[in-house]
Protein chains: 2
Amino acid sequence: MNIGEVAKRSGLPSKTIRYYEEIGFITPRRSENGYRDFDEKDLHRLAFIGRARSLGFTIENCRALLELYADQSRASADVKRVAEENLREIDAKIADLQAMRATLAHLVGACAGDSRPDCPILEDLGRALG
Amino acid sequence: MNIGEVAKRSGLPSKTIRYYEEIGFITPRRSENGYRDFDEKDLHRLAFIGRARSLGFTIENCRALLELYADQSRASADVKRVAEENLREIDAKIADLQAMRATLAHLVGACAGDSRPDCPILEDLGRALG
DNA sequence: CCTTGACCTTCCCCTAACTGGAACCCTTAT
DNA sequence: ATAAGGGTTCCAGTTAGGGGAAGGTCAAGG
């Protein structure tokens, strides 16, 4: 399989697939002409990574998850630990964003948004010094 | 004022202040000895930027907001537009994270987290190929 | 006078996870 | 012969700074 087909089937851009090879996630064979020649296992691995990335796992998380995936004698607790850590980080990001959102929404709501210069948003920013 | 004091009073790391000078947000005078010599206006500007950054505005947003701040004849609508755009982006990020969170929390909840290898999380990732 | 420690300076590399683009090769069809 | 549409490598850029080296400056203490 050439990279284009793998891209199509995995949903990952070719660029990303090359990058994943560079960082050691896959090691596709090469054809005579130098083209990468992927097999179904490569494709499967890439899809796994793509799915994990879409759930917020970092590249290093993915590396750990792939290892656990390959290890038939893994403990599900090890997988769960990685996932729970990711969950905590996602929650932290959501909390940060929601705090931002609340303040910002408040300011936006207070701004007339007309042609006059008076603006509670700028006033807030300008009053930033404790 | 030396950079250390500005850092303390603005709450921004010295590194960040130097970076903000580099990208043109401030242009502090220099003392005889080559040290940056900040005045109250610099400090105020830095605090403004710090506050804006903490509300999720990008560096380029900050640049625009500073310009509007300085423009006595601005329309508050222009400020509001920038803020609303930022709000939309924050909302989009929150939505993305919440979708991730929902799926991930579901998987985490389904995983026994014990010493056995069976794991719904890995099963999900392994079934990623559409 | 010398040293010590806390400042300050510039400079360059590093981060995450790719993305874009240039320059070039391979294959197939017209 | 050439044009389109693959593929290849390599280099640079993205965000918003952070880390750390090598070195200049300043005030206090011995």
Side-chain angles (χ1 to χ4, degrees), chain A residues 1-38 42 45-46 48-66 85-86 89-90 92-93 96-97 100, chain B residues 1-38 42-43 45-66 85-86 89-90 92-93 96-97 100:
Chain A
M1 243 182 308
N2 280 353
I3 200 168
E5 193 183 341
V6 177
K8 201 167 301 173
R9 290 180 59 190
S10 69
L12 297 170
S14 302
K15 276 277 190 186
T16 299
I17 296 171
R18 291 197 193 95
Y19 173 66
Y20 286 168
E21 177 183 8
E22 191 185 321
I23 64 177
F25 276 167
I26 48 171
T27 314
R29 279 188 314 277
R30 294 298 179 126
S31 308
E32 284 285 313
N33 57 17
Y35 287 15
R36 287 170 182 82
D37 183 18
F38 300 84
D42 293 324
R45 245 174 120 73
L46 288 169
F48 181 105
I49 298 165
R51 173 73 173 155
R53 293 282 303 121
S54 80
L55 292 177
F57 290 101
T58 66
I59 291 290
E60 288 316 308
N61 285 158
C62 290
R63 217 182 282 283
L65 291 172
L66 280 168
E85 173 63 20
N86 184 20
E89 277 167 26
I90 290 171
K93 283 182 196 165
D96 277 7
L97 287 169
M100 267 185 202
Chain B
M1 245 184 304
N2 280 353
I3 200 168
E5 193 184 341
V6 177
K8 201 167 301 175
R9 290 179 61 191
S10 70
L12 297 171
S14 301
K15 276 278 189 185
T16 298
I17 296 172
R18 292 197 192 96
Y19 173 67
Y20 286 169
E21 176 183 9
E22 191 185 321
I23 64 175
F25 276 168
I26 49 172
T27 313
R29 279 188 314 277
R30 294 299 179 124
S31 307
E32 284 285 314
N33 57 16
Y35 288 14
R36 287 171 183 80
D37 183 19
F38 300 85
D42 292 325
L43 177 57
R45 244 174 121 73
L46 288 169
F48 180 104
I49 297 165
R51 172 74 174 153
R53 294 282 302 122
S54 80
L55 292 178
F57 290 101
T58 67
I59 292 289
E60 287 316 307
N61 284 158
C62 290
R63 216 182 283 282
L65 291 172
L66 280 168
E85 173 62 19
N86 185 18
E89 276 166 28
I90 291 172
K93 284 181 196 165
D96 276 7
L97 287 169
M100 268 184 203

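Letters A, B, ... are given to chains in the order of the sequence lines, protein chains preceding strands, and every chain is numbered from 1. These numbers come from the heavy atoms of this one structure, side chains and all, not from hydrogens, waters or symmetry mates.
OP1 or OP2 of D:dA16 has not a single side-chain nitrogen or oxygen of B:Thr16 nearer than 4.0 Å. Side-chain N/O atoms of A:Arg36 include none lying less than 4.0 angstrom from OP1 or OP2 on D:dG7. At the phosphate of C:dC26, neither OP1 nor OP2 sits under 4.0 Å from any side-chain N or O atom of A:Arg30. Phosphate proximity of D:dC26 to B:Tyr35: absent, as no side-chain N or O sits under 4.0 Å from OP1 or OP2. The phosphate of C:dC25 has neither OP1 nor OP2 within less than 4.0 Å of any side-chain N or O from A:Asn33.
Candidate nucleotides C:dA17, D:dT8, D:dA16 were compared by shortest atom distance to the side chain of A:Tyr19, and C:dA17 ranks first.
Regarding A:Glu32, its CD atom lies at a distance of 15 Å from the P atom of D:dT8, rounded to whole Å. Rounded to a whole Å, the CZ atom of B:Phe57 is 20 Å from the C1' atom of D:dG17. One atom, CD1 of B:Ile23, and another, P of D:dA16, lie 8 Å apart when rounded to the nearest Å. If you measure from atom NZ of A:Lys8 to atom C1' of D:dG5, you get 12 Å, rounded to the nearest angstrom. Atom CG of B:Asn86 and atom P of D:dT15 are 15 Å apart (whole Å). The distance from atom CD1 of B:Ile17 to atom C1' of D:dG17 is 13 Å, rounded to the nearest whole Å. A straight line from CG of B:Asp37 to P of C:dC7 spans 18 Å, rounded to a whole angstrom.
The backbone N or O of B:Gly34 sits nowhere less than 3.5 Å from a side-chain atom of B:Ser31 that would complete a donor-acceptor pair.
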| request: Test side-chain contact (heavy atoms from CB on, under 4.5 Å) on A:Arg36 and A:Ile26 and set out the steps. | output: CA-CA 11 Å; A:Arg36 287 170 182 82; A:Ile26 48 171; over 6 Å; no
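A heavy-atom distance below 4.5 Å is found between the side chains of B:Arg53 and B:Ile59. When side chains are defined from C-beta on, A:Tyr35 does not count as touching A:Ile3, because their heavy atoms never get closer than 4.5 Å.
When the nearest nucleotides of DNA chain C are assigned to B:Lys15 and B:Ile3 by heavy-atom distance, the more 5′-ward of the two goes with B:Ile3. Nearest-nucleotide assignment on DNA chain C puts the 5′-proximal partner with B:Glu21, out of A:Glu60 and B:Glu21.
Within 4.0 Å of B:Arg18, counting heavy atoms only, lies at least one base atom of the nucleic acid.
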